[in-house]
Amino acid sequence: MLQVEKVSKSFDKFLAVNGADLLVGKGQLVAVIGPNGAGKTTLFNMITGQLKPDRGRVVLNGEEISTLATHEICRRGIARSFQIANIFHRLTVFRNVQVSVLSEQRKSSNIVRPAHAMAVEETNRILKSVGLLDKADHVAGSLSHGDQRILEIAIALGNQPQMLVLDEPTAGMSPDETQATMTLIKRLAETQGLTIVFCEHDMDVVFNTAQSIMVMHYGKTIIQGKPEEVRENRAVQEAYLGGEEDA
Ligand code: ADP
Ligand code: MG
């Protein structure tokens, strides 16, 4: 579904991403791992169009998208969340998601079913799917950090994406919140047929969740493969897992 081919990006003369590759099959749950500064966020920014690659290309369903604007990429079905949660703090949980659903449906509403009526059902459906329905009328800023990050995923779902790109979805969460969030992400992939790419620091989480893992180091892809292949790879052990990882 998604092919990232030899993309590079430099900031001034610093090569943040240096010929990285990533392959994502439809319905897959793919993790990108690597130390801080490896280039994960920059890579995600090139997939979703916040940044244009200097070299290489990003192909979605056979179409090159690396030249498109963010809203055009979004319309083709890729939605994302950011490393730092991006929500409307003073609006309710319901409104946060409804705004996103409405902006999607404005493109597809018709005379028979005005966008607004459709959005209520759809917003409730999304809130239910992420477990936030009982907090629909809470002000977003009053939610726990973990719930704010879940809300961000719900907002992304409002775009009716085929693919979600999640930058450290569990950053700053407690172990319990992390567990619950990863269970949710797995469930979204399984029940809604969503394709999900995420990056994450916790190796237990990554190896227990992802079907495919891509390891980045100094802006390059060291390997992409099944969790067992990645765990056994010497270059990965030396560069990243420190040779003592037995998770
Ligand atoms: P990661 O998400 O893996 O921690 P990033 O993609 O955020 O890595 O960053 C990769 C490298 O690029 C880091 O050294 C970072 O400081 C640098 N970098 C990222 N964004 C910018 C920017 N806008 N300007 C300058 N340097 C940047
Ligand atoms: Mg990052």
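Keep in mind the model is a prediction, meaning the values are calculated, not measured. Start at 1 and go down the list; that is how both ligands and their atoms are numbered. In what follows, every heavy atom counts, from backbone to side chain, and hydrogens, waters and symmetry copies are set aside.
Considering backbone and side-chain N/O atoms, G37 comes within less than 3.5 Å of an N/O atom of ligand 1. Residue F14 places no N or O, backbone or side chain, under 3.5 Å from any N or O of ligand 1.
Backbone or side-chain N, O or S atoms of T41 reach the Mg ion (ligand 2) at under 2.8 Å.
Contact detail for L60 and R76: the closest heavy-atom pair is CD2-O, 3.7 Å. Closest heavy-atom contact between N208 and K186: O-NZ, 3.0 Å. Nearest heavy-atom pair, R149 versus A171, reported as atom, atom and distance to 0.1 Å: NH1-CB, 3.7 Å.
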Exercise for review: Verify side chain to side chain donor-acceptor pair (under 3.5 Å) between T41 and D167, making sure each step is shown before the conclusion.
Suggested key: CA-CA 7 Å; T41 297; D167 196 348; 2.8 Å; yes
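The distance from ligand 1 to the heavy atoms of G39 drops below 4.0 Å at these ligand atoms: 1 (P), 3 (O), 5 (P), 6 (O), 8 (O), 10 (C). Listed by number with element, the atoms of ligand 1 under 4.0 Å from a non-hydrogen atom of N36 are 4 (O). The atoms of ligand 1 that sit less than 4.0 Å from any heavy atom of T42 are 5 (P), 6 (O), 9 (O), 19 (C).
At least one donor-acceptor pair under 3.5 Å links the side chain of Q148 to the backbone N or O of L143.
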